[in-house]
Student: 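Okay, handing you the structure first.
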Amino acid sequence: MSNNEKIASFIGKKALRLTSLLIIVCFASFMLIQYSPIDPVRAYIGEMPVTAEHKAKLEAYWGVNTPPQEKFLNWAGDILKGDFGTSLIYRTPVIDVIEERFTASLILMGISWLLSGILGFALGIIAGANQGTWVDKAIKTYCYALAAAPTFWLALLLLIVFSVYLGWFPIGLSVPIGVTADNVTFFDWLKRLILPAITLSLLDIAKITMFTREKLIEVLSSDYVLFAKARGEKGLDLILRHGVRNVALPAITLQFLGFSELFGGTVLVEQVFSYPGIGQTAVSAGLKSDVPLLLGIVIFSTLFVFFGNLIADIIYEFIDPRIKQQEALV
Amino acid sequence: MGDPISLSSHVSDGSISGSSDKLVSEDSDEPASKGSDELVVNVNSHTGEPETGFDPLLGWGCGHVNFEPLIQSTLFKSADNGSIINDLATNYSVSSDGDTWTVHIRDDVRFTDGKNLTAEDVAFTFNTAIGSNSELDMSNLEKATAVNNTAVEFKLKEPQSSFIWRLRYVGIVPEHAYKKETYGTNPIGSGPYKLVEWDKGQQAILELNENYYGKKPYFKKITMLFLDKDTAFAAVKSGDVDIAEIEISHANQTVDGYKLVDLPAARAQGLSFPMQYNTGKKSLQGDPIGNNVTADITIRKALNIGIDRKALLDGVIYGKGAVEYTGVDQRDFGNPEAKINDSNPEEAQKILENAGWKDTDGDGIREKNGTEAEFKLYYSATDQTRQALSVAVSEQAKQLGIKIDLVGASWDEIYANQYSSAVLYAYSSIDTFNLYQQYHSKEADDTYRNPGLYNNSIVDGYLETALRSTDQDQATKYWKLAAYDGSTGFGPAGDATWLWLVTIDYLYMADETLDIGTPQRNAGADVLGNIYEWKRVDTANSTSK
C-alpha cells in the first residue's frame, strides 16, 4: 500500500466515522432532553403565578407541544445549512454563546493539558528511573490519591486552602472584581487562571505518570538497555537516550486520548471556580432544556474529543517510527 | 435608620465573637472599593445572572422576582413602608369601567444617550412586552398608546386593580435604541446607574448616571458578582464583597468585619390542602383530584390551630423569619382578622374529637368512618429548608393524631399530585393578582395556581370585586374580606385552605462600613431597592472589636 493510498483511506474512514458519530450523539442527546422529566416552561416560571394565556405563549416559545420528530428534523435541517439556531435561555445565536464560552474553556484546558503532560511525564520518568525507592513510592502514593479524588472535591479543597485561608488566589472568576476589560492586566488574568488550571491538570497527572513509569520500567528491562549498560552507559544519560525517547511518543498519544476526560473535568472545575466556560453553559442548557444550545455544545465537544483522538491516531499511524518499521517488515 | 417599630431591618452584629475563622484581610487583590464610594455586591435573589441581559422586557427586574432594575426607571416605585409612590409617573387615573388606565409622566427625564424619555417610549415598552414570551406576563394588556408626550393610556382586556404592580416593576426602554437581540447586553435606560461592562458568567459593572433625575445614590460604582451562595460566602470570608446573600444554614456563622443583615421576605411558605373530596375525578392532564382527609375542614382547622409555628421558626430556620398565618400577613392587604391563635393542641384535639376523628384502634392515628387521618405531603427534594420544615410539621401533626407522609420529589411529580396531596409551596407575592389566582375558583384548572382547587362563591365575589376595582383602597378592603369576612374566607379563621407556616428572611453578610438605610418592607429579595439611601460610614464609628 503506497503512502498516499494509506492517507486517503485513513481520511475516508475517519470522515465516515465522524459523520456517523455526530449523528448518533446528536440524536441521543436530543432524545435525552426530550424524555427528561423536566418541563422547560415550569422550570422557567418556577413558582411564579402566570395566567393560562401567558403559559400557552411560553409553551409555544419552548416548543413543548411540537412533536419531537418535527423538532429534531427542523433543527437538523438548520444545522445542515450552518444555522445553529437561537438559544432559548440566552436568546442570542447559539454560535455566539459557544464561541464566547469555548474560547475561555480552551485556554483553561490547553494550559492544564500542557501542565499535566509535562509534569506527569517528568514524574513518571523520575519514578520509573528510581523504581522501588522511596521516591517511587511517594510518587505512586500521590498518584493513587489523586486518581481516587473526585474533581469537584479537589477543586473545593484547593479553593478553601489557597483562596479562603491563604488568600493567595482570588475565589473565582476570570476577571478581577470591578475592573473593566481595558484595565485588566495580563497578570490579573493569569492569576485567575492558575488555580482552576492546576486543579484540572492534577487529575490528569496521575494517569500519565503511572503510564510513563510502567513504560520506562519496561524499557529499562529490555535487551537493548542491557546492551547499552554493558557498553558502560548509565545514570541520567541512559535514561535520556533510551528511556525518554522510547516512552515519549506513547505518552503523547495517551495525552491526546485524554481530551474527553479533560472536557469532563472542566465542567466540574468551572462550576466550582465560577469560571465562565463551556462547562457551566452546558450545565444550565441541560437543566433548562435549551435544546438548540445543548445540541450545539454537544456537536462542538464531540468534535473536540474526536480531533484529540484523531491526533493520537495520526501520531500512532504515521509518526511512530516503530510502526513504520513494522509495516516495512511486512 | 433606627426606627424601632419597623419590621424591615434587624441588623445584628456578627463581629463580636472571637476569631474562630482565620481570615485574610490584607489581600493584595482586594478591590479598591473598601472605604470608598464603590460597592461590590453578590445578591442572588436580586439578580442571579440575567441570562438574557439587562432587558426588562425579558425579565430583568420583573417576572419571577420583582426588583429595582437600576439601569432603567419605572413608572412607580415603593416607599419604605411598601406603599406605591410615583417615580416617572406624576399621577394616574383609572376609568370608571376599570378598563383604561391613564398615567402622566415627567417631562424632564433623559435616557443616558441624551434623548428624552417620552410617553411613546412607555407605550413602546409595554406593547413590546406583550409579545416578549418571557417571565413578564402582560396577557391582560390590550394596548398602550401615547396620548401626548407625557400621557400614556393603557387599555386592559379586563379591569385589574393589580395592574399597578406591572407599572411598578417594568423598566422603561427607549424605542429608538431597543433591539431585542442586543438591548440586553447594551441597555440604555434612565435609571440611577448605567451598565459599563458585563463579563458574562461573572460580573456586571454599573456606574452612576450623572444625569439621573431623582435623588442620586452615594455609590458611584456598583459591581454585581454572579457567584452562587457558597462561593459568595467564601468571597465574604476573603473580604472581596461588601454585601452578599448567604444560605440560611450560615445564619450562625460570623465573619470579622461583617455584620449579618436579615430582611423579611415577600413570599411565605405553607402547605396547600386539596379541598375536594376524592370522587375519582381527574384533571385535564389526567392527574387525580381530591383527598378525603384534607377536604374535611376540621382536619385543616385542627392543624392550623394545633401547629406551633414559633417552634418551626426557631427550630428550622434559626428564628430568621416570621410566623405566617394567611400567606400575606405582613402586606397592607393582609387581614389580621383572618388569623387564629395557634400552638393550641388541646383545642385542636377537641375539634377533631367533636367531628368524629377518634383513635379507636390505638395506633396513634385518628380515624373516622374507616378513613385514617393520613395524607401525603410533597416537597421539593432539592430544597433542604423545605425538607426540614416538612419533617417538623409532620412531627407536630403526629401529636395531634394526624399522620403526614413525606414525599420529596421533583417539581413535575409535585404538580401531578397537588390536587390529591398537600404540597409545601413558597407561594405568595407582593402582587395582589396572586391572591386572585390562588383562591378564585375560576383559576382551579389544570395549572398550579389554585392547587387546592378551592371553590367558595362568596370568596370569589370578594376577589372579583377587588380585582375589578378602580381604586386601590377599595381593592385592599375586598382583598381583606376575601381572607375573612367574619364568617368565611380563605384564611385559617375561615375555610383554612392552607396551612401557612413561616416566611424565611433573606440573609446578607454586609461589610461593617456599609449603611443600607431602611430597606423597603418585605422586600428582602430586592435589597438594592433603596440604593439611594446606602452609604459608607466611618469604621471607627461603628461597633468596635
Side-chain angles (χ1 to χ4, degrees), chain A residues 37-39 42-55 57-58 60-62 86-87 89-93 97 100-101 104 156 159-160 163-182 188 191 270-277 280-281 284 288, chain B residues 22 24 26-27 29 31-33 38 40 51-53 58 63-65 131 133-135 137-140 180-181 184-185 196-197 199-203 205 221 223 225-228 231 234-235 237-238 240-241 267 410-413 415 425-427 429 431 433-434 437-438 443 445 447-449:
Chain A
I38 299 173
D39 177 340
R42 278 198 160 140
Y44 181 65
I45 57 184
E47 283 164 285
M48 177 180 70
V50 295
T51 56
E53 201 181 337
H54 189 66
K55 188 159 175 264
K57 273 189 188 170
L58 288 174
Y61 174 77
W62 289 86
T86 305
S87 158
I89 51 177
Y90 296 96
R91 298 184 193 239
T92 47
V97 178
E100 198 176 275
R101 304 293 172 121
L156 280 173
L159 185 75
I160 291 169
S163 297
V164 178
Y165 288 98
L166 295 174
W168 291 355
F169 296 103
I171 39 97
L173 306 175
S174 72
V175 287
I177 294 170
V179 180
T180 50
D182 40 334
D188 285 335
K191 197 174 170 188
E270 285 173 9
Q271 283 289 333
V272 175
F273 289 100
S274 321
Y275 189 89
Q280 259 198 351
T281 315
S284 59
K288 292 175 184 167
Chain B
K22 279 221 180 74
V24 183
E26 289 84 20
D27 184 355
D29 202 50
S33 65
E38 298 185 357
V40 180
E51 277 136 346
T52 46
L58 297 179
H64 201 159
V65 182
N133 291 331
S134 71
E135 286 182 27
D137 184 353
M138 275 290 168
S139 42
N140 193 34
K180 197 169 150 192
E181 291 74 28
T185 41
V196 181
E197 186 171 301
D199 299 317
K200 286 185 190 160
Q202 315 194 62
Q203 62 176 353
I205 301 173
K221 178 174 160 188
T223 304
L225 302 180
F226 306 123
L227 305 170
D228 64 44
T231 317
K237 286 187 171 179
S238 59
D240 284 338
V241 288
R267 296 173 134 209
S410 69
W411 279 111
D412 287 282
E413 201 181 331
Y415 292 133
Y425 278 115
Y427 191 17
S429 161
D431 184 341
F433 190 50
N434 203 166
Q437 294 186 303
Q438 222 164 356
E443 301 285 334
D445 54 11
T447 60
Y448 60 94
R449 294 184 302 262

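In what follows, every chain begins at residue 1, and chains take the letters A, B, ... in the order their sequences are listed.
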Student: What is the distance from atom CE of B:Met138 to atom NE2 of A:His54, rounded to the nearest 0.5 Å?
Tutor: 9.5 Å
Student: Measuring from atom CD of B:Glu38 to atom CD1 of A:Ile177, what distance do you get when rounded to the nearest 0.5 angstrom?
Tutor: 12.5 Å
Student: Relative to chain A, which segment of B:Ser410 carries a heavy atom at a distance below 4.5 Å: side chain, backbone, both, or neither?
Tutor: neither
Student: Let me confirm one number: the CD-CG distance from A:Glu53 to B:Asn140, rounded to the nearest 0.5 Å.
Tutor: 8.0 Å
Student: Side chain, backbone, both or neither: which part of B:Ser139 has a non-hydrogen atom closer than 4.5 Å to chain A?
Tutor: both
Student: Which residue out of B:Gly131, B:Ser134, B:Gly53 racks up the most heavy-atom pairs below 4.5 Å with chain A?
Tutor: B:Ser134
Student: How long is the gap from CD on B:Glu51 to OG on A:Ser284, to the nearest 0.5 Å?
Tutor: 5.5 Å
Student: Give, as side chain, backbone, both or neither, the part of B:Glu181 having an atom under 4.5 angstrom from any heavy atom of chain A.
Tutor: backbone
Student: Checking heavy atoms, do the side chain of A:Glu100, its backbone, both or neither come under 4.5 Å from chain B?
Tutor: side chain
